[in-house]
Amino acid sequence: MSIIDKDNKEKRLRIAIQKSGRLTDYTEKLFKNCGIKFNENRDHLLAHAENLPIDILRVRDDDIPGLVMDHVVDLGIVGENVLEETTMQRQSDNLPTAYKRLMQLNYGDCRLSIAVPNEMEYEGLHSLQGFKIATTYPHLLRRKLKEHNVNFKSVLLTGSVEVAPRAGLADAICDLVCTGATLHANGLKEVETIYTSKAVLICRDEELYPEKQAIADLIIPRIKGVMAAKESKYIMMNAPKDKLSEIKAILPGAENPSIIELEGSQDRVALHVVSREKLFWETMEKLKSLGATSILVVPIEKMLD
Ligand code: ATP
Ligand code: ZN
């Protein structure tokens with residue numbers, strides 16, 4: 001019998017996530033913060049949430065777009081780089097490519113860049129004319145170089161792309177970069193960013209069974225709430241009444257503050273506000289120079305608008 005029986009298919013929301021890799025810890029933490037409890041043993045391909053009708057399917061990230069597009073799972077979390085590349089590959093294979101993009105998530109940041117050997121003189125994309133370029137992302141690379149009429153040959157590698165030039169397999173590479181340390185260690189320099197990516201939540205492009213839709217309607221606002229909370233801070237301070245408008249003007253992305261009387265004080269009040277953006281030291285110092293005291297910045301765990 002298939003691991004996913006018919007009843008589950010209709011009633012339990014199925015979400016594909018990366019089994020083990022750079023997105024996994026963040027995704028598991030996101031689910032935990034959303035109140036989804038599930039077995040954390042990564043050897044289990046399928047984890048049933050204990051407290052909600054949700055099944056989590058652990059797979060390689062490359063398989064996630066196809067599982068959503070083939071309607072094997074309802075939702076998936078994957079890097080935009082893999083999503084775009086797989087979509088183009090499936091188009092050329094005449095496979096279904098429809099999906100709904102529900103939201104971009106606040107992790108999995110990386111960029112797909114072209115890197116060449118340090119000693120090469122690089123003067124722009126035309127310098128790559130006729131090159132052999134090693135990459136895991138031939139479609140994204142081709143799309144970019146076609147825009148600039150650069151002809152090249154791609155060498156498909158699914159790992160250790162950065163050693164290809166030294167090994168004589170290619171003249172340049174096109175690979176994911178975060179800090180650039182790997183490139184540096186391999187005598188390469190980053191010369192062009194062709195795509196920037198984050199993780200995204202996608203959904204199959206088909207109406208869900210009502211039971212599943214109800215679960216999706218419950219967890220999607222929770223995911224948004226966890227992300228909004230992460231960016232936001234609760235800020236409290238005591239402030240002079242006559243400086244309130246100046247203080248409000250410098251609080252980043254803040255909503256209307258609550259102003260609370262301070263017992264025994266005529267000219268000072270307490271001000272509480274949720275700020276939707278990061279609060280920098282410089283802003284705190286400006287607040288202080290406007291006469292604010294006891295400035296507290298507190299993280300927010302959950303938020304529901
Ligand atoms: P799998 O075994 O699932 O196929 P993988 O080796 O293809 O894993 P990872 O290296 O775990 O993939 O990266 C997964 C995704 O994480 C990438 O496709 C990208 O969207 C994102 N990512 C974020 N930061 C980085 C980074 N510094 N380097 C590479 N990928 C990153
Ligand atoms: Zn992968």
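Whatever order the structure lists them in is the order used to number ligands and atoms, beginning at 1. In this text, all values refer to a predicted model and were calculated from it rather than measured experimentally. Residue numbers count from 1 along this sequence.
- When the heavy atoms of Gly79, Ala199, Ala181, Cys110 are ranked by distance to atom 22 (N) of ligand 1, first place goes to Cys110.
- Counting only heavy atoms from C-beta outward, the side chains of Thr135 and Leu140 never approach each other to under 4.5 Å.
- Each of Asn39, Ile56, Leu57 was compared with His44 under the side chain to side chain contact (heavy atoms under 4.5 Å, CB included) criterion, and only Asn39 meets it.
- By heavy-atom distance, the residue among Asn81, Thr24, Leu83 lying nearest atom 17 (C) of ligand 1 is Asn81.
- Shortest distance from the Zn ion (ligand 2) to Asp62 is reached at OD1 (N/O/S atoms only).
- Residue-level proximity to ligand 1 for Val82 is carried by the side chain, the only part with a heavy atom below 4.0 angstrom.
- Of the heavy atoms in Arg22, both backbone and side-chain atoms come closer than 4.0 Å to ligand 1.
- For ligand 1, none of its N or O atoms has an N or O atom of Ser197 under 3.5 Å away.
- Residue contacts with ligand 1, taken as heavy atom pairs separated by less than 4.0 Å, involve Asp109 solely via the backbone atoms N, CA, C and O.
- There is a protein heavy atom closer than 4.0 angstrom to atom 30 (N) of ligand 1.
- Taking distance alone, with nitrogen or oxygen atoms compared against 3.5 Å, Glu80 stays at or beyond that limit from ligand 1.
- Checked against a 6.0 Å centroid threshold, the rings of Tyr234 and His272 count as neighbours.
- Here the N, O or S atom of Asp61 that is nearest to the Zn ion (ligand 2) is OD1.
- Note on ring orientation: taking the six-membered ring where Trp is involved, the planes of Tyr26 and Tyr107 are parallel (angle under 30°, cut-offs 30° and 60°).
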